[in-house]
Amino acid sequence: MRDAFACGPMAPGACATAIVELRAWRPWRDEAWALLDAAERQRVAQRRFADDREALAMTYALHRLFVARSLDLAPDAVNIARDAEGAPHLPGIARDGKPVRTSLSHADGVAAFALCAMGPVGIDVEAAFRATELPGIAESVCHASEWQSLSNFAEPARSRALLALWVRKEALLKAEGIGLAREMCSFRAAAGAEFILAGSARESPAACSVRLAMLDVGERWTAAVAAPREAAVECLHLQPISDATGRSAGARSL
């Protein structure tokens with residue numbers, strides 16, 4: 001699995017993000033389990049269904065490899081802790097005296113990771129077909145002004161726009177470190193908008209600014225990241241190296 005994972009070091013001043021399709025990594029199931037620490041194995045074991053256990057184990061293993069390769073560390077040297085909500089953080093890992101932050105999301109066979117040393121970061125990904133499930137809860141997702149704007153859309157564009165709004169708000173709440181403690185309908189989250197976080201995010205005692213960006217992840221998924229406004233967001237679609245030449249998917253910069 002380590003040999004099949006092609007991901008270079010994170011560039012200075014960047015927010016590195018990655019999307020991985022979990023089924024492409026199924027041949028490395030056993031190696032994925034070996035990469036997990038005791039706490040991760042316990043969390044995986046708590047899942048009721050075998051498919052869910054496999055997906056979570058693969059997500060944790062690939063996240064560890066992503067962090068390790070991005071920071072030029074050995075996977076065994078990466079300590080990924082989790083808070084009560086399961087959000088990951090990297091105690092003791094810093095770059096240029098600044099703590100490195102990470103975020104993770106997984107749903108319907110895909111996982112998304114983010115890493116940044118410039119400030120808080122949050123990422124969220126959803127399968128595109130989930131758009132059809134959101135109209136029924138639109139009022140709980142949308143700020144009043146967003147609800148009004150979406151009412152001008154015809155289907156299926158309206159549902160797709162609502163899903164994009166959902167992932168942007170999830171990403172922002174993750175960057176803020178509060179999960180769903182803040183109601184989505186209480187704030188707006190336009191693509192490209194900047195937000196001042198009040199300093200409640202882990203390891204961020206002072207207020208800081210993040211920018212919301214949609215990620216170029218193809219038609220099957222919808223994803224967004226909240227990252228420091230100064231950070232250059234890079235998006236990788238990580239696939240196993242397929243042959244002896246080391247061929248893998250390349251990076252796309254936003």
Side-chain angles (χ1 to χ4, degrees), residues 5 7-20 35 37 39-40 59-105 111-125 167-179 181-182 189 192-215 223-236 238 251-254:
F5 192 88
C7 176
M10 178 173 62
C15 171
T17 69
I19 300 291
V20 291
L35 283 167
D37 62 25
E40 289 167 335
T59 297
Y60 283 165
L62 291 167
H63 183 219
R64 185 178 302 281
L65 286 175
F66 171 71
V67 172
R69 295 291 174 84
S70 296
L71 299 177
D72 199 20
L73 297 172
D76 295 344
V78 175
N79 177 23
I80 302 178
R82 287 177 171 81
D83 63 19
E85 303 299 324
H89 57 104
L90 304 171
I93 297 180
R95 284 293 180 268
D96 300 322
K98 298 179 180 180
V100 179
R101 282 63 171 265
T102 191
S103 183
L104 176 153
S105 177
F113 314 127
L115 192 72
C116 188
M118 299 180 67
V121 66
I123 196 167
D124 193 60
V125 65
V167 297
R168 290 197 299 271
K169 292 194 174 190
E170 281 270 16
L172 181 62
L173 292 169
K174 288 180 179 182
E176 197 167 9
I178 60 174
R182 182 180 176 189
E194 294 184 6
F195 296 84
I196 301 296
L197 304 185
S200 59
R202 183 184 298 104
E203 298 177 313
S204 296
C208 57
S209 178
V210 297
R211 177 176 57 91
L212 281 173
M214 299 301 298
L215 298 176
V225 65
R229 62 182 179 181
E230 303 88 357
V233 177
E234 299 178 346
C235 186
L236 297 170
L238 295 177
R252 296 186 298 274
S253 296
L254 295 179

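Considering CG of L115 and CZ of F66, their distance stands at 5.5 Å, rounded to 0.5 Å. To the nearest 0.5 Å, the span separating SG on C15 from CD1 on I123 amounts to 7.5 Å. Here the straight-line distance linking atom CZ of F113 with atom CZ of R64 works out to 11.5 Å at 0.5 Å rounding. Rounding to the nearest 0.5 Å places CZ of R101 at 14.0 Å from CZ of R95.
D124 places none of its side-chain heavy atoms less than 4.5 Å from the side chain of L173. In this structure the side chain of P120 reaches within 4.5 angstrom of the side chain of C208, judged on heavy atoms. Side chains of L172 and L197 form a contact here, defined as non-hydrogen atoms less than 4.5 Å apart. Taking 4.5 Å as the limit, some side-chain heavy atom of H63 sits within range of a side-chain heavy atom of P88. Contact check for N79 versus I93: no side-chain heavy atoms found under the 4.5 Å cut-off. Between M118 and K98, the closest side-chain pair of non-hydrogen atoms is not below 4.5 Å.
In this structure a side-chain-to-backbone donor-acceptor pair under 3.5 Å is missing from K174 to V225.
Taking the salt bridge (Lys or Arg N to Asp or Glu O under 4.0 Å) definition, one finds that E230 meets it with nothing, sequence neighbours left out.
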Discussion item. Quick one, L65 with L238, criterion side chain to side chain contact (heavy atoms under 4.5 Å, CB included). Give me CA distance, side-chain angles, the key distance, then yes/no.
Written reply: CA-CA 11 Å; L65 286 175; L238 295 177; over 6 Å; no

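M214 and V167 get closest at one heavy-atom pair: CE-CG2, 4.0 Å. Among all heavy-atom pairs drawn from D37 and I80, the shortest one is OD2-O, 4.0 Å. Heavy-atom minimum distance, A68 versus A74: CB-C, 4.1 Å.
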